[in-house]
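Structure first, commentary second.
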Amino acid sequence: MSVMNMIQALNSAHKVMFERDPTTVVLGEDVGYFGGVFRVTEGLQRDYGKQRCFDAPISENGIVAVAVGMAAYGLKPIAEIQFADYIYPGFDQIVSEAARMRYRSAGDWSLPMVIRSPYGGGIFGGQTHSQSPEALFAHIAGIKTVIPSNPYDAKGLLIAAIEDPDPVVFFEPKRIYNGPFDGYYERPVTPWAKHPAAEVPDGHYTVPLGKAAVAREGEEVTILAYGTMVHVALATAEANGIDAEVIDLRSIVPVDIEAIETSVRKTGRCVVFHEATRTAGFGAELAALVQERCFYHLEAPVARVTGWDTPYPHSMEWAYFPGPVRLGLALKKTLED
Amino acid sequence: MNDRPERPNRPALSLHVPEPGARPGDPVDFSHIAIPAAGSVRRPDPHAPASETHALVATLVRVLDEEGRAVGPWDPKLDADTLRRILRDMMLVRVYDDRMYRAQRQGKTSFYMKSTGEEAVAVAATHALDRDDMTFPTYRQQGILIARDYPLVTMMCQVYSNKGDPLKGRQLPIMYASKAHGFFTISGNLATQYPQAVGWAMGSAIAGDSRIASAYIGDGSTAEGDFHAACTFAGVYRAPVILNVVNNQWAISTFSGIAGGELTTFAARAVGYGIAGLRVDGNDALAVYAATRWAADRARANLGPTLIELFTYRVEGHSTSDDPSVYRPQNAGAAWPLGDPVERLKRHLVALGEWDEARHQAQHEALDAEVRAAQKEAERQGTLQSDPYQDIPSMFEEVFAELPWHLKEQQAQALAEAEAKRA
Ligand SMILES: Cc1ncc(C[n+]2csc(CCOP(=O)(O)OP(=O)(O)O)c2C)c(N)n1
Ligand SMILES: [Mg+2]
């Protein structure tokens, strides 16, 4: 066991897999000698050589496409897209190629590859370093989408993603790389070291894809969240004295429907919570699932708390970010309904 | 991997990953850089077939020699006032960069990017264009705005995301935009504007206009597919566009070899697209001016695009988020053999007897005072730290021309939320 922040935990996942599996390779912009702009691949090139971890040209299209080819050859590529906001040039390769390779070749080819990318806002990154595009990937048949919320899960989920036989898009909420930011932006963030999930085993372990975690047990209302929003949900429930059950989905495809049903049937109320824009966000899918499966247990309409349907503004970051006030108002309304 | 055939008589393959010549701790070594003498490269007629430029894509158009003389066929023969104006603009860019960098370090804004050593590629090129030609810059061509007399205070307000920010606090610092100054809104997504510039130029051609476009891209970003789209469309339709590649040899921590710079020059890309190509000393303001003018004349004669590689060096870090000493030798920029664009133009003016040390010093002090005064005025309208742009209803405006119902609802909700925060 070591105490790790999220960056160190992700770095450890890479090192564990580089040791165990010589077919794993890392490519991406600035990931080699420099170790990545967020330092997640630090030391990989130094310790395992340039054939295992190397800088890529600035072509997200190329990065995803050659990862597809390497996986087709039989390697397990782990591609870093420097910011999720820059994944779109690679979108066609993900949607039309990576996602369908197993299906269209009737299993002749499969692609064990991971596309990792820092994502989400809260760092004054403006509209091109802040987006949360998970719904675009959840919408594609054939791609798994994973979003960890703490160091322990980050390492275990990344190892599971690398070992998974199918392509996985792995979004890392960069606002919580160094500490569990809870949305109270005027207070200093406590570092991960003070958090139990920063206790991370040094060796190999997995956190299964498609399994949620109960971040907080409660009776009054279920909050469905992932990534940074898990911490905002916990802090908001605390601050408002609401006995909320907070479900950390961890994977959105496949989503843990059992965990969702169990919780909503118990509480009878549900608030869906994400940072991404609202319209056709993943919250819409969650609200539909809850409505389809838990309708007769619901005592209030399912509420969505999200980012606004605008690009992410620079100076009004905190007016955009769905923080404790927005969630608190929605929780109170859901409890009153 | 498991089904790899055993073939002991064949050599095992291995992957080539390019590596820069020097890393931290190594001596700075630019001895591999071939530098042809100033004035040694011939100048084809701007109306010549593109293929006549293709012998020039591996050499370097240079005008200013070591003594500061302008020599050879590319000498644009500018009058002293124009030379002094270019010098002044480059100096102003540098003073401005230093002040804004410092402001970021003081916590007054979130981010800044300098263009140190690359002032000529923006400033001199802009002076070779018409005022109403449209530029499509990257984040490192603030010199275009300065060369076109954009107000310094407004530039700073954008950097501060304050009340005076014409972009309403929406964009990251340095992502300026001004249609009135022919400065296209900067995207954070690399390379996207390169083919857009081609489209703007095609529009000008379709409309029978006479304006041209000038696009910028970094060496690293030429790897994006958008670069290929731009060159293809520009070539096919002979779009009246200048395609500048600013080869400052670095893309954050990644050297230009990873963008293909180890194999050939960036100017040589022009050959494959059948368009004109030039490779230019980007730290030589006169060479930059002359090449830009050549390409502009060509475009205006309806002879299509020119790809210009501007060979320079990124002297400072990528941005305020970057520390280059962890991936390249310290002070590499100071050793760049093609020198400093400001110093070189200054020397030229001095050699002409049109400038001297005292005037240079006085001008530096005057520009410094101008920038400080502008900064004071900008800060009166707030900084990101003290008083950022915070007009909540405006956040929902200009997503579309008109607010649809859902944005109206969200706007009201955001206002209620702001009210609740104050309570
Ligand atoms: C599509 C896209 N991918 C990645 C990035 C992140 N990024 C910002 S600047 C940069 C390096 C660009 O280098 P270069 O094109 O050489 O321009 P320079 O910074 O040297 O002026 C990278 C990778 C981005 N902004 N957009
Ligand atoms: Mg560069």
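Note: hydrogens, waters and symmetry copies are ignored here, and every other heavy atom, side chains too, is used. Below, chains carry the letters A, B, ... as their sequence lines are ordered, and counting in each starts from 1.
Taking chain A as the reference chain and counting heavy-atom pairs below 4.5 Å, the highest number among B:H16, B:K168, B:R23 is found for B:R23. For the set B:E417, B:K421, B:R170, the entry with the most heavy-atom pairs within less than 4.5 Å of chain A is B:E417.
Contacts between A:E60 and chain B at a heavy-atom distance below 4.5 Å involve backbone atoms as well as side-chain atoms. Of the two parts of A:P324, neither the backbone nor the side chain holds a non-hydrogen atom closer than 4.5 Å to a non-hydrogen atom of chain B. Neither the backbone nor the side chain of B:P20 comes within less than 4.5 Å of any heavy atom in chain A. If you measure heavy-atom distances from B:Q413 to chain A, the contacts under 4.5 Å come from both the backbone and the side chain. Of the atoms belonging to A:D85, it is backbone heavy atoms, and not side-chain ones, that fall under 4.5 Å from chain B. Both the backbone and the side chain of B:L15 come within less than 4.5 Å of a heavy atom in chain A. Looking at A:Y312, only its backbone comes within 4.5 Å of chain B, counting heavy atoms on both sides. For A:E186, no part lies under 4.5 angstrom from a heavy atom of chain B. Neither the backbone nor the side chain of B:D165 comes within less than 4.5 Å of any heavy atom in chain A.
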B:Q410 vs A:D309, side chain to side chain donor-acceptor pair (under 3.5 Å): CA-CA, chis, key distance, verdict: CA-CA 8 Å; B:Q410 291 178 22; A:D309 284 329; 3.0 Å; yes
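Under the 30°/60° scheme for interplanar angles, the aromatic rings of B:Y327 and A:F34 are found to stand perpendicular.
Between A:D30 and B:S253, the side chains place a donor N or O and an acceptor N or O closer than 3.5 Å (distance only, hydrogens not considered).
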